[in-house]
Amino acid sequence: MLSRVLLDEGYDAPTAANGREGLKIAAALGVDLVLLDLKMPGMNGQETLKELNVLCPGLPVIIMTAFPGRHFDSGLNGVSALLQKPLDFPILLEAIKKLLAQAGAYK
């Protein structure tokens, strides 16, 4: 559903089933922003974020989680925004627009 919302807003929105796949997509496509869930199969979101920071330093990352206080290590670098699930799509879209504009990548 998230991918459909982003596509309807005119964004390219490749998806990944897990952290490893997401890292491959980020490296191959040169993405402008990443939406990252903390809870994923295999490599979790925090591990993925650490590798993403090495692979694509400065890339805006929005963390999505149902338990922001319980599962998120606030000491992690590279997080541009933290949104609680279930997602409020207007808030998510505004965060994306703002971060892309700051990064100079907004359409």
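Just so you know, these numbers use all the heavy atoms, side chains as well, and skip hydrogens, waters and symmetry mates.
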(message) List the residues meeting side-chain hydrogen bond (donor to acceptor under 3.5 Å, both in side chains) with E94, not counting sequence neighbours, and say none if there are none.
(response)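 Applying side-chain hydrogen bond (donor to acceptor under 3.5 Å, both in side chains) to E94 gives none.
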(request) Give a yes or no on whether a salt bridge exists between E51 and R20, defined as a side-chain N under 4.0 angstrom from a carboxylate O. (result)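 Yes, this pair counts.
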Tell me the closest heavy-atom pair linking [X] and [Y], and the distance in Å.
| X | Y | value |
| --- | --- | --- |
| G19 | T48 | CA-OG1, 3.3 Å |
| A16 | I25 | CB-CD1, 3.9 Å |
| V31 | L59 | O-CD1, 3.2 Å |
| L36 | G45 | CD2-O, 3.4 Å |

(message) Can you tell me which residue among D37, N44, L38 is in a side-chain contact (heavy atoms from CB on, under 4.5 Å) with M40?
(response)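 Answer after filtering D37, N44, L38: D37.
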Student check: side-chain heavy atoms of [X] and [Y] closer than 4.5 Å:
| X | Y | answer |
| --- | --- | --- |
| L35 | L92 | yes |
| K50 | N53 | no |
| E9 | L93 | yes |

Same cluster for [X] and [Y] if Ile/Leu/Val/Met/Phe/Trp/Tyr side chains link at under 4.5 Å?
| X | Y | value |
| --- | --- | --- |
| L29 | L49 | yes |
| L87 | L7 | no |
| Y11 | M1 | yes |

(message) Give me each pair satisfying salt bridge (Lys or Arg N to Asp or Glu O under 4.0 Å) with a member in residues 22-31, each pair once, sequence neighbours excluded.
(response)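 Counting only pairs at least two positions apart or across chains, no salt bridge (Lys or Arg N to Asp or Glu O under 4.0 Å) contact touches residues 22-31.
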Roughly how far apart are [X] [atom1] and [Y] [atom2], rounded to 0.5 Å?
| X | Y | atom1 | atom2 | result |
| --- | --- | --- | --- | --- |
| R4 | T15 | CZ | OG1 | 12.0 Å |
| Q84 | I63 | CD | CD1 | 13.5 Å |
| K97 | Q102 | NZ | CD | 13.0 Å |
| L33 | L100 | CG | CG | 5.0 Å |

(request) Would you indicate whether D12, at its atom CG, is surrounded by more than 12 heavy atoms from other residues, nucleotides or ligands within a distance under 6.0 Å? (result)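 Count not over threshold, so no.
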(request) Using the test side chain to side chain contact (heavy atoms under 4.5 Å, CB included), find all partners of I91 that sit at least two apart in sequence or belong to another chain. (result)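 For I91 the side chain to side chain contact (heavy atoms under 4.5 Å, CB included) partners, ignoring immediate neighbours, are L83, D88.
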(message) Between S80 (side chain only) and I62 (backbone N and O only), is there a donor and an acceptor less than 3.5 Å apart?
(response)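 A pair under 3.5 Å: no.
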